[in-house]
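Structure first, commentary second.
As the structure is a computational prediction, the values presented were derived from the model and not from experiment.
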Amino acid sequence: MNGFIIGIDPGRDKCGVAVLNHGGEVKFQKVIETEKLSGTISELAEKFKIEIVILGNGTTHKSAKEKISETNLPVKIIDEKHTTEQARREYWVKNPPEGWRRFLPTSMQVPPVPVDDIVAEILARRYLESEKEENF
């Protein structure tokens with residue numbers, strides 16, 4: 001498996017996008033406008049050898065799936081349960097608070113930026129984990 005996977009956290013106005021290799025290494029990660037989803041996936045499919053799109057099952061996943069179908073890439077729906085909470089924790093691991101904020105527990109803080117791209121990474125990792133379990 002030399003290709004890559006794209007994780008998508010679909011939203012009404014914005015989507016999180018993450019490209020990972022099969023080793024779980026993040027190669028691309030960004031929050032984009034939902035209207036640019038199809039074009040972004042097409043661009044990433046050209047840049048990386050994309051094998052599959054992993055899509056969270058949130059409330060707007062059906063409309064996102066329609067946009068993704070334009071790319072002719074296979075799509076797998078993954079459960080989004082608790083991904084936002086997990087992404088908020090992961091944000092603080094990747095971006096430790098500075099100044100006076102470092103004295104406040106991160107569980108009491110809200111990340112200053114959207115974490116949809118981290119949710120997309122988590123969804124892709126869930127898929128990779130499920131693949132590992134199936135192969136054992």
Side-chain angles (χ1 to χ4, degrees):
M1 297 200 175
N2 298 344
F4 295 85
I5 61 172
I6 297 180
I8 306 287
D9 175 33
R12 188 175 342 117
D13 300 319
K14 63 188 179 347
C15 293
V17 179
V19 175
L20 282 71
N21 64 17
H22 284 275
E25 185 180 359
V26 177
K27 297 295 187 178
F28 175 89
Q29 198 166 28
K30 189 174 184 179
V31 177
I32 63 165
E33 295 173 27
T34 299
E35 64 187 41
K36 296 180 180 178
L37 183 60
S38 180
T40 300
I41 291 174
S42 294
E43 288 173 21
L44 292 171
E46 280 185 37
K47 184 174 181 177
F48 301 97
K49 185 180 172 187
I50 301 298
E51 295 175 353
I52 190 167
V53 177
I54 308 306
L55 181 63
N57 68 345
T59 54
T60 59
H61 82 275
K62 289 179 183 172
S63 61
K65 188 174 180 181
E66 286 177 24
K67 292 179 192 313
I68 295 167
S69 68
E70 298 169 14
T71 66
N72 294 321
L73 289 167
V75 177
K76 174 144 175 112
I77 309 290
I78 297 284
D79 187 12
E80 279 190 27
K81 193 172 186 178
H82 302 296
T83 53
T84 301
E85 297 89 350
Q86 189 177 348
R88 287 179 180 159
R89 288 190 302 269
E90 185 65 26
Y91 173 86
W92 294 117
V93 169
K94 292 179 178 193
N95 306 282
E98 296 179 357
W100 63 268
R101 290 185 176 271
R102 70 179 189 263
F103 299 110
L104 213 78
T106 54
S107 60
M108 296 177 67
Q109 298 184 54
V110 175
V113 296
V115 294
D116 306 76
D117 56 336
I118 299 173
V119 171
E121 175 188 346
I122 291 166
L123 293 168
R125 290 188 190 286
R126 284 185 181 181
Y127 169 76
L128 290 172
E129 286 299 314
S130 71
E131 287 294 295
K132 280 183 191 175
E133 291 171 7
E134 287 178 15
N135 292 329
F136 283 114

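- We find the CD1-NE2 distance between Ile78 and His61 to be 11.5 Å, quoted to the nearest 0.5 Å.
- Smallest separation of non-hydrogen atoms from Pro10 and Gly56: CG-O, 3.5 Å.
- Pairs engaging residues 88-105 under the salt bridge (Lys or Arg N to Asp or Glu O under 4.0 Å) rule: Lys94-Glu121 [sequence neighbours left out].
- With a 4.5 Å cut-off on side-chain heavy atoms, Trp92 and Pro105 do not count as touching.
- The stretch residues 65-80 participates, sequence neighbours left out, in no salt bridge (Lys or Arg N to Asp or Glu O under 4.0 Å) pair at all.
- In plain terms, the two heavy atoms of Val31 and Pro114 that are nearest each other are CG2-O, 4.2 Å.
- Applying the ring-ring contact (aromatic ring centres under 6.0 Å, His included) definition to pairs two or more places apart or across chains, those involving residues 31-55 are Phe4-Phe48.
- Counting only residues at least two apart or on different chains, no salt bridge (Lys or Arg N to Asp or Glu O under 4.0 Å) pair has a member in residues 53-62.
- The shortest heavy-atom contact between Gln86 and Arg126 is OE1-NH2, 3.6 Å.
- The two atoms that bring Gly7 and Ala120 nearest to each other are O-CB, 3.3 Å, heavy atoms only.
- Checked against Ile41 for a side-chain contact (heavy atoms from CB on, under 4.5 Å), the options Val17, Ile68, Val19 give a single hit: Ile68.
- With rounding to the nearest 0.5 angstrom, the CD1 atom of Ile52 is 8.0 Å from the CD1 atom of Ile5.
- Here the side chains of Leu128 and Leu20 are in contact, with some heavy-atom distance below 4.5 Å.
- For the salt bridge (Lys or Arg N to Asp or Glu O under 4.0 Å) condition, the pairs that include at least one residue of residues 13-25, sequence neighbours left out, are Lys14-Asp116, Glu25-Lys27.
- Put simply, Val113 and Ile122 are part of the same group of oily side chains (I, L, V, M, F, W, Y) that touch within less than 4.5 Å, one to the next.
- To the nearest 0.5 angstrom, Cys15 atom SG is 10.5 Å from Glu35 atom CD.
- Cluster membership for Ile54 and Leu44, using ILVMFWY side-chain heavy atoms within less than 4.5 angstrom, is not shared.
- The minimum heavy-atom distance between Leu123 and Ile8, with the atom names listed, is CD1-O, 3.4 Å.
- Side-chain atoms of Thr34 come within 3.5 Å of backbone N or O of Gly11 as a donor-acceptor pair.
- Contact check for Ile118 versus Gln29: side-chain heavy atoms found under the 4.5 Å cut-off.
- Partners of Ala45 by side-chain contact (heavy atoms from CB on, under 4.5 Å), not counting sequence neighbours, listed by chain and number: Ile50, Leu73.
- Nearest heavy atoms, Ile32 versus Leu37: CD1-CA, 3.7 Å.
- Between the side chains of His22 and Glu51, at least one donor N or O sits under 3.5 Å from an acceptor N or O.
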